[in-house]
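Heads up: the structure comes next, in structure tokens.
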2 protein chains.
Amino acid sequence: MSMTRALEVVERKTGDRCCDVGAQPSTTYADAERDAAVFDLLAHPVRLQLLDVLVRNEGRVCVCDLESAVPVKQPTVSHHLRLLREAGLVDSEKVGIWAYYRVDRGRLAELKERVEVRLSGLT
Amino acid sequence: MSMTRALEVVERKTGDRCCDVGAQPSTTYADAERDAAVFDLLAHPVRLQLLDVLVRNEGRVCVCDLESAVPVKQPTVSHHLRLLREAGLVDSEKVGIWAYYRVDRGRLAELKERVEVRLSGLT
DNA sequence: CAAACCCATTGACAATCTTCGATGCGTGCC
DNA sequence: GGCACGCATCGAAGATTGTCAATGGGTTTG
């Protein structure tokens, strides 16, 4: 007998065993949770725009610059920056009055890699 | 003169014009919203697992099969399937008692393309 | 020192999301 | 017809998220 799943074009009849032999996903749920968290971080237009500006301006962007790049107020910008920082994607340095943010390109590459792997799994 | 932004390593002093000459993102906010919606769709472990199973089982997966693949109850599975369907990523066909779901691989490819473009913009 | 400035944090509110029990609808079986 | 089944939907509850005014802390300027 082949290893093909009980899920083929086999015509089921109402009583047939159905739900207990189901196809299983190729990753653990924990992996799915980890990847979902990655997508979640990118699932907001403000965060996408902030990352965009930060990537495009090597190293020295202050919060007020970022604030002028998105249609939300300063506390909201700080909020989203905090999320990005807690995820390790950006870090900040205080210089005098200002707080300069920059992307951690290594972390960003890791994130992109996780996205690639997950998407390539959706062949 | 080069085209470099006013945002270089120029030492600012407190009074200096700062926020009104800020670096702008490379995409419109509307584009960011559209892409954020794509990431949002992927930002849940159940939806990732459902897509995984659907992609891996060409065409004929019923809801009870999907239900056995994720740690949530049937109404929740139906809920997430609805989100995927409304996004055009999957469609369903009723055959007798069962509802068979399948991925729209064209739509899935479009989604992956949008992700790729956005991520490649984060150079 | 006082004032102005930049930014983080707090607190409150509204909106959205996630989940599941209960229910209803359509279908096949006896 | 009556029953069991598969699935969608509804309704409610709790959790999470997004937003901003207000506030406070740290710094520079005058």
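Letters A, B, ... are given to chains in the order of the sequence lines, protein chains preceding strands, and every chain is numbered from 1.
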What nitrogen or oxygen pairs link the protein and nucleotides 14-16 of chain C at under 3.5 Å?
none

Under 3.5 Å, is there a donor-acceptor pair linking the side chains of A/T28 and A/E33?
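Side-chain D/A pair, A/T28 to A/E33: absent.
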Of all the choices, C/dC7, C/dT9, C/dA8, which nucleotide is nearest to the side chain of A/Y101 once you look at every atom?
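The nucleotide sitting nearest to the side chain is C/dA8.
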Please identify each residue that fulfils side chain to side chain contact (heavy atoms under 4.5 Å, CB included) with [X], with sequence neighbours left out.
X	result
A/V72	A/V46, A/V70, A/T76, A/V77
B/E110	B/R107
A/A87	A/L41
A/S78	A/Q74

Among pairs that include at least one residue of residues 47-88 of chain A, which meet ring pair (Phe, Tyr, Trp, His ring centres under 6.0 Å), considering only residues two or more places apart or in two chains?
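Only A/H44-A/H80 qualify under ring pair (Phe, Tyr, Trp, His ring centres under 6.0 Å).
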Which residue pairs satisfy the side-chain hydrogen bond (donor to acceptor under 3.5 Å, both in side chains) criterion with at least one member in residues 83-97 of chain B, sequence neighbours excluded?
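Found B/R85-B/Y101.
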Under 4.0 Å protein heavy-atom contact, by nucleotide of nucleotides 16-26 of chain D - B base, S sugar-phosphate only
--SBBBB---B
Just how far, in rounded Å, is P of C/dT27 from CD of B/E93?
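About 14 Å, once rounded to whole Å.
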A/D40: partners by side chain to side chain donor-acceptor pair (under 3.5 Å), with sequence neighbours left out
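For A/D40 there are no side chain to side chain donor-acceptor pair (under 3.5 Å) partners, ignoring immediate neighbours.
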